[in-house]
**Q** 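Structure below; questions to follow.
Order of the sequence lines sets the chain letters (A, B, ...), proteins ahead of strands, with each chain counted from 1. Note: hydrogens, waters and symmetry copies are ignored here, and every other heavy atom, side chains too, is used.
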2 protein chains.
Amino acid sequence: MHLSNTEENYLKAIYKIAERKNKSASTNTIAKYIGTAPASVTDMLKRLAGKQMINYERYKGVTLTTIGGREATQLIRRHRLWEVFLASRLRFSWEAVHDIAEELEHIKSEELVNRLDAYLDYPKFDPHGDPIPNAQGKFTLRNQMSLSAALPGNKVVLLGVREHETSFLEYLNELNIGLGTEFTIKAFNNFDKSMNILVDHNKETLLSEKVCQILLVKKI
Amino acid sequence: MHLSNTEENYLKAIYKIAERKNKSASTNTIAKYIGTAPASVTDMLKRLAGKQMINYERYKGVTLTTIGGREATQLIRRHRLWEVFLASRLRFSWEAVHDIAEELEHIKSEELVNRLDAYLDYPKFDPHGDPIPNAQGKFTLRNQMSLSAALPGNKVVLLGVREHETSFLEYLNELNIGLGTEFTIKAFNNFDKSMNILVDHNKETLLSEKVCQILLVKKI
DNA sequence: AGTTATTTTTAGATTGGGCTAAATTTATTG
DNA sequence: CAATAAATTTAGCCCAATCTAAAAATAACT
Ligand SMILES: [Mn+2]
Ligand SMILES: [Mn+2]
Ligand SMILES: [Mn+2]
Ligand SMILES: [Mn+2]
C-alpha cells in the first residue's frame with residue numbers, strides 16, 4: 001500500500017498520541033500535534049480509514065489497525081536510525097538531528113533502511129535515548145526511571161530525555177549533561193521538588209522539578 | 001527562495017538537457033525527460049519563470065537564469081554525494097544508487113550536504129564517474145575520452161559511463177568491468193566498429209560500437 | 001507561397017492536502 | 001434535564017501538480 005509523506009506523518013502522530021495517552025487519538029489532539037485545522041484532520045482520517053490504516057467512526061477517536069501500526073513503527077525506525085547516523089557519523093548535535101530526520105524518514109527503500117541499520121551496527125537507541133524498533137518492529141525495553149524518582153545519595157547515568165525541544169537540549173548542553181553522563185544526587189528540596197546534583201566532581205547544579213521529570217536515568 | 005521537489009526536478013532536467021544539447025530546452029524535450037504531458041510542462045515553466053529561475057518566452061525554449069543554474073548545480077551536488085554515500089558506505093552496487101539518490105537529493109539542509117561531503121572526504125566523482133560540484137558549484141574537469149576514440153594496443157582505465165540504465169550497468173558487472181577497471185584494446189573491427197578488449201589477462205571480450213561510445217576512459 | 005505537420009499553449013477537469021465558516025453531535029453543568 | 005460549551009464534521013473554497021482535448025503558433029514540404 002502506497003502512503004504519501006503526509007499520510008505517514010498522520011500515522012506517526014496517531015501512534016505517538018495513543019502511546020502517551022494510552023488510548024485512542026482524538027481529532028483535535030491530532031490537529032494540534034500535526035499543526036493543521038481539525039477539519040483537515042477529519043478529511044485525512046477518512047482517507048486513512050479507506051486505506052485500512054485506522055479504525056475510524058464519526059465522533060469517536062481513532063486507533064491504528066495492525067497494518068497502520070506497522071507503518072508507524074517502521075517510520076519511527078527510519079527516523080531514529082537516521083538520527084543515529086546524523087549524530088554518530090556526521091557529528092550533528094542531538095538538538096539538530098530531529099528536523100533533518102523528519103525529512104529522511106520518508107525515503108522509501110526497505111533495502112536502504114536495513115543497510116543503514118547494519119552500517120550503524122544495529123543501534124538500539126537513538127541520540128535522545130529513545131528505543132529503535134528492529135526490522136520486525138520490536139522495541140528494546142530497559143530499566144529506566146524518571147530522575148524525580150531517584151533519591152539523594154543515588155549515583156545515576158542519563159539514559160534518555162522525554163522532551164526534545166531544541167532549547168531544552170541546548171540547556172542540558174550548557175550544564176554539560178548528555179546521554180551517558182553520570183551524576184550523584186546531593187539533595188532533594190521538598191518545597192519545590194528540585195534537586196541538587198553533582199556532575200563533574202567540581203560544580204553542583206540545581207535541576208527544577210520539571211527537568212527532573214524529563215530526565216530518564218538508571219542507578220549505577 | 002523555496003522550491004518544491006517537483007520544481008527542483010524541472011530545473012535539473014533543463015540543466016541536463018541544455019548541457020547535452022548545448023542550447024535551450026524545449027517544452028517537448030522536458031516533457032519527455034520528466035515523463036509528463038507537454039501541457040504540464042508549460043504550466044511549470046510559467047511558475048519557474050515567475051520565480052526567476054528560467055528565461056521563458058512563449059514558443060521559444062527556456063534557459064536557466066543564474067540562480068536557476070545554481071539551484072540545479074546544487075541539486076546535482078546533493079544527488080551525486082548521496083550516490084557516493086550509498087555506494088561507498090552502504091555498499092550499494094552502482095546500478096542501485098540512482099533511484100534512492102533521486103529522493104535523497106531533495107532533503108533541504110545546507111549543513112547536511114556539507115557535512116556529508118566532509119564525511120565522504122570531498123569526493124570529486126560519483127559511482128558512475130560523473131563529477132561532483134563542490135560547495136561553490138565548481139566541477140572538476142579531467143582528461144577522458146570515449147573508448148571509441150582509443151586505438152588497438154592502447155591500455156586504458158575506465159573513468160565513467162555515459163549511460164546509467166540498470167540493465168546496462170548490470171551488463172558491465174557481468175563482464176567484470178567497473179570504474180577503475182584497466183584493460184587493453186586488442187583489435188578494432190572496422191565493419192561494425194566493435195572492439196576486442198582484454199580485461200583479466202585471461203578472457204577476451206567483444207564490445208559493440210554503442211558500448212564503446214558509452215565508456216569513458218583514460219590512456220595509461 | 002501555401003498547405004500540412006509539429007510543437008506549444010490554452011481551456012477545463014481532477015486529486016491530494018490544506019483552509020474557514022457553519023452545522024451537527026457529544027460533553028458539561030446549573 | 002435543559003441549556004450552554006466543546007469537539008467534530010460538513011460545505012465550500014484554494015493551490016500545486018497533473019491530465020486530455022482543442023486552439024494557436026512555428027516549422028517543414030511540395
Ligand atoms: Mn526525532
Ligand atoms: Mn529521537
Ligand atoms: Mn544518478
Ligand atoms: Mn551518478
Side-chain angles (χ1 to χ4, degrees), chain A residues 1-14 17-18 20-21 23-64 68 71-72 75 102-103 105-108, chain B residues 1-14 17-18 20-21 23-64 68 71-72 75 102-103 105-108:
Chain A
M1 168 69 60
H2 173 258
L3 296 174
S4 70
N5 290 6
T6 309
E7 289 169 330
E8 286 189 335
N9 285 338
Y10 271 87
L11 292 180
K12 189 170 69 163
I14 294 166
I17 291 164
R20 111 171 42 161
K21 303 253 221 168
K23 265 289 188 163
S24 71
S26 76
T27 301
N28 263 7
T29 320
I30 297 169
K32 211 154 288 171
Y33 191 98
I34 303 260
T36 60
S40 310
V41 174
T42 301
D43 276 2
M44 181 56 87
L45 294 184
K46 287 182 195 160
R47 254 178 311 134
L48 288 173
K51 292 190 174 187
Q52 327 291 338
M53 292 290 155
I54 60 173
N55 307 111
Y56 172 64
E57 206 181 334
R58 269 157 72 261
Y59 293 103
K60 321 289 178 195
V62 294
T63 55
L64 294 174
E71 294 286 350
L75 185 61
E102 281 295 306
E103 297 189 55
E105 69 187 7
H106 298 291
I107 306 291
K108 266 80 174 172
Chain B
M1 170 67 62
H2 173 259
L3 295 174
S4 71
N5 290 5
T6 309
E7 289 169 331
E8 286 188 336
N9 286 339
Y10 272 86
L11 293 180
K12 190 170 68 163
I14 295 165
I17 291 164
R20 111 172 41 161
K21 302 252 221 171
K23 265 286 190 165
S24 71
S26 75
T27 302
N28 263 8
T29 320
I30 297 168
K32 211 154 290 174
Y33 190 98
I34 303 261
T36 60
S40 311
V41 174
T42 301
D43 276 1
M44 182 56 88
L45 294 183
K46 286 182 197 160
R47 256 181 308 137
L48 288 173
K51 292 189 173 187
Q52 328 291 336
M53 292 289 154
I54 59 173
N55 307 113
Y56 172 63
E57 206 181 334
R58 268 156 73 260
Y59 292 103
K60 321 287 179 197
V62 294
T63 55
L64 294 174
E71 294 286 350
L75 184 62
E102 280 296 305
E103 296 189 57
E105 69 186 8
H106 298 291
I107 306 292
K108 266 82 173 170

**Q** Could you report the tightest heavy-atom contact between B/P38 and B/T27, atom names first, then the distance?
**A**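 Scanning both residues completely, I find the closest heavy atoms to be O-CG2, 3.7 Å.
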**Q** Under 3.5 Å, is there a donor-acceptor pair between the side chain of A/K51 and the main chain of A/H2?
**A**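 Looks like yes, one N/O pair under 3.5 Å.
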**Q** Measure from CG on B/N5 to C1' on C/dG16 and round the result to the nearest Å.
**A** 15 Å
**Q** Can you tell me the distance, in whole Å, between the CD atom of B/E7 and the P atom of D/dT18?
**A** 10 Å
**Q** Kindly list each side-chain donor-acceptor pair under 3.5 angstrom involving residues 55-62 of chain A, sequence neighbours excluded, with atom names and distances?
**A**
from: A/N55; atom 1: OD1; to: A/T63; atom 2: OG1; distance (Å): 3.0

**Q** Tell me whether the side-chain N/O atoms of B/K46 come closer than 4.0 Å to OP1 or OP2 in C/dT9.
**A**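 Looking at the OP1 and OP2 atoms of C/dT9, neither is under 4.0 Å from any side-chain N or O of B/K46.
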**Q** Calculate the interatomic distance between B/L3 atom CG and D/dA16 atom C1'; express it in whole Å.
**A** 14 Å
**Q** So if I take every side-chain heavy atom of A/S26 and compare against D/dT8, C/dG18, C/dT8, which nucleotide ends up nearest?
**A** D/dT8
**Q** Specify the separation, in whole Å, of atom CG of B/N9 and atom P of D/dA16.
**A** 17 Å
**Q** Rounded to the nearest Å, what distance is computed from the OH atom of residue A/Y56 to the P atom of nucleotide D/dA7?
**A**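 Atom-to-atom, A/Y56 to D/dA7, this comes out as 16 Å.
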**Q** What string of B, S and - do you get for nucleotides 19-29 of chain D, 5' to 3', if B is base contact, S is sugar-phosphate-only contact and - is no contact with any protein heavy atom under 4.0 Å?
**A** BBB--BSS---
**Q** Tell me whether the side-chain N/O atoms of A/N28 come closer than 4.0 Å to OP1 or OP2 in D/dA6.
**A** no
**Q** Without decimals, in angstroms, what is the distance between A/K51 NZ and C/dT15 C1'?
**A**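 It works out to 12 Å between those atoms.
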**Q** If you compare all heavy atoms of B/E8 against all heavy atoms of B/L75, which two are closest, and at what distance to 0.1 Å?
**A** O-CD2, 3.4 Å
**Q** Rounded to the nearest Å, what distance is computed from the CD1 atom of residue B/I17 to the P atom of nucleotide C/dT7?
**A** 14 Å
**Q** Determine the contact category for A/T27: base if any of its heavy atoms lies under 4.0 Å from a base atom, sugar-phosphate if only primed atoms, P, OP1 or OP2 are that close, otherwise nothing.
**A**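 Counting heavy atoms under 4.0 Å across all strands, the contact made by A/T27 is with sugar-phosphate only.
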**Q** So which heavy atom on A/G68 is nearest to which on A/L11, and how close?
**A** O-CD1, 4.3 Å
**Q** Please give, in whole Å, the distance from D/dT18 P to B/I30 CD1?
**A** 13 Å
**Q** I need the B/Y10 OH to B/T36 OG1 distance, nearest 0.5 Å.
**A** 3.5 Å
**Q** Does a side-chain N or O of B/Y10 approach OP1 or OP2 of D/dA16 to a distance below 4.0 Å, or not?
**A** no
**Q** Please say whether more than 12 non-hydrogen atoms of neighbouring residues, nucleotides or ligands are located less than 6.0 Å from NZ in A/K32.
**A** no
